[in-house]
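Heads up: the structure comes next, in structure tokens.
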Amino acid sequence: VHERDESKETESTKQCFKYLKMTSRSFSAVIQELHPELLLPVTLFYLVLRGLDTIEDDTSIPVQKKELVLRNFDEVLDIDGWTYTENRPEEKDRELMLNYGCVVEEFKKIKPAYQVIIKDIAKRMGNGMADYCVKSENNDFAVVTCAEYDQYCYYVAGLVGEGLTRMFVESKFGNPVLLDRPNLHNSMGIFLQKTNIIRDVREDFDDRRIFWPKEIWSRHVDEFEDLFKPEYQEQALNCSAEMVLNALNHADECIFYMAGLREQSVFNFCAIPQTMAIATLDLCFRNYSMFQRNIKITKGEACQIMIESTQNLQAACDVFRRHIHSIRKKNRPQDPNFLKISIACGKVEQFIESIFPSQ
Ligand code: PS7
Ligand code: MN
Ligand code: MN
Ligand code: MN
Ligand code: MN
Ligand code: MN
């Protein structure tokens with residue numbers, strides 16, 4: 001629907017879009033379809049947060065150095081030609097960090113209201129990431145309680161939900177009431193982050209990073225690494241089911257949030273990642289292969305979901321319903337959380353039923 005006019009773009013604009021495509025598997029497509037008013041601001045928001053995450057994720061950077069850059073990352077946006085050279089050579093986003101001046105250049109040109117939002121979120125996310133990066137230095141497990149798990153996910157994703165919502169409202173594409181209920185936009189981000197943390201458990205553990213809260217995994221195994229041993233398969237499945245249950249508790253708020261969106265490109269931008277997330281939770285639910293290798297929904301399934309979730313809210317809810325139904329079918333009475341999972345599924349189903357009654 002919306003076409004970029006590349007002939008009117010400066011070199012640094014083109015570079016920003018190049019880095020968007022290079023650094024994002026999942027978001028570049030949905031961002032590129034956004035309404036022109038939001039296209040560049042959201043692209044820059046993405047690249048700023050991608051910068052923060054590239055530093056957070058790079059385990060070769062000493063914690064003291066890392067903490068300093070993370071806490072001051074918002075100020076980078078005032079420094080012409082800023083560049084970051086400390087990432088390891090094999091880091092896939094290294095080129096963006098070396099060439100970060102193009103982000104700074106474009107940032108200066110967007111509406112001041114968007115600049116304020118991006119800087120505010122970058123400052124708060126950077127400080128939150130720094131807190132957890134210091135915690136993980138002093139402790140084997142940075143994320144012990146479920147409250148800490150929620151707080152970490154709030155810093156790295158709930159805040160993205162807040163920033164995007166403020167941008168939607170600023171552009172008049174979002175209903176200002178979305179800002180009165182912070183739980184709703186926080187849940188939009190946290191639901192995606194928790195799904196990512198569940199799915200990536202193996203990859204993260206291989207990088208010696210553990211995000212699953214000890215409060216949950218210690219109910220199933222004595223040591224986190226036991227989750228990956230075949231003799232603890234049943235415990236691992238029950239543990240991952242409890243993680244899925246924990247994430248499912250955000251689903252109704254995500255649907256509620258999406259009901260407040262009016263503009264089609266903004267709706268699609270929000271709905272596609274959410275429906276992909278519920279499909280991913282379904283894929284992970286009682287699927288032992290997630291402890292052995294990286295699992296992903298198939299291209300075909302992703303395409304189907306993309307088509308459905310961009311029709312309207314009802315079609316997006318159908319995707320949710322289908323996967324909730326599938327999770328229910330795989331739920332096992334032997335699982336200590338059988339009842340809680342069943343109730344959580346019922347809560348989402350009832351919520352959808354209350355907006356779209358079946359008869
Ligand atoms: C600004 C679109 C739509 C109200 C870079 C989108 C990592 C799950 O495993 O690379 O680390 O490689 O797949 C995105 C709310 C955030 C939350 C967060 C910014 C939705 C830096 C996405 C994305 C809010 C911290 C995926 C949260 O990372 O994972 C923009 C509404 C970035 C959204 C991180 C995670 C994103 C994430 P991995 P990914
Ligand atoms: Mn990624
Ligand atoms: Mn990270
Ligand atoms: Mn990351
Ligand atoms: Mn990554
Ligand atoms: Mn991940």
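Computed from a predicted model, the values in this text were never measured in an experiment. Heavy-atom basis, side chains included; hydrogens, waters and symmetry copies ignored. Atoms within each ligand, like the ligands themselves, are counted from 1 in listed order.
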Among D200, D206, D204, which residue satisfies the salt bridge (Lys or Arg N to Asp or Glu O under 4.0 Å) criterion with R202?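 The passing option is D206.
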Apply ring pair (Phe, Tyr, Trp, His ring centres under 6.0 Å) to F107 and list each qualifying residue two or more places apart in sequence or on a separate chain.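 Ring pair (Phe, Tyr, Trp, His ring centres under 6.0 Å) check on F107 returns nothing, list empty.
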Is the Mn ion (ligand 6) less than 2.8 Å from an N/O/S atom of D200, whether that atom is in the backbone or a side chain?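 Yes, since at least one N, O or S atom of D200 sits under 2.8 Å from the Mn ion (ligand 6).
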Output field: ring centroids F205/F224 closer than 6.0 Å: yes
Return each pair, listed once, that meets salt bridge (Lys or Arg N to Asp or Glu O under 4.0 Å) where at least one residue sits in residues 261-273; pairs must be two or more places apart or across chains. none
Return the set of residues passing side chain to side chain donor-acceptor pair (under 3.5 Å) with K330 (not counting sequence neighbours), or none when no residue passes. D282
Of the protein N/O/S atoms, how many lie under 2.8 Å from the Mn ion (ligand 3):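 Near the Mn ion (ligand 3), the number of protein N, O or S atoms below 2.8 Å is 3.
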Quick one: is the NZ or CZ of R4 closer than 6.0 Å to the six-membered ring centre of F17, and within 45° of its axis?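 Output yes; distance and angle both within limits.
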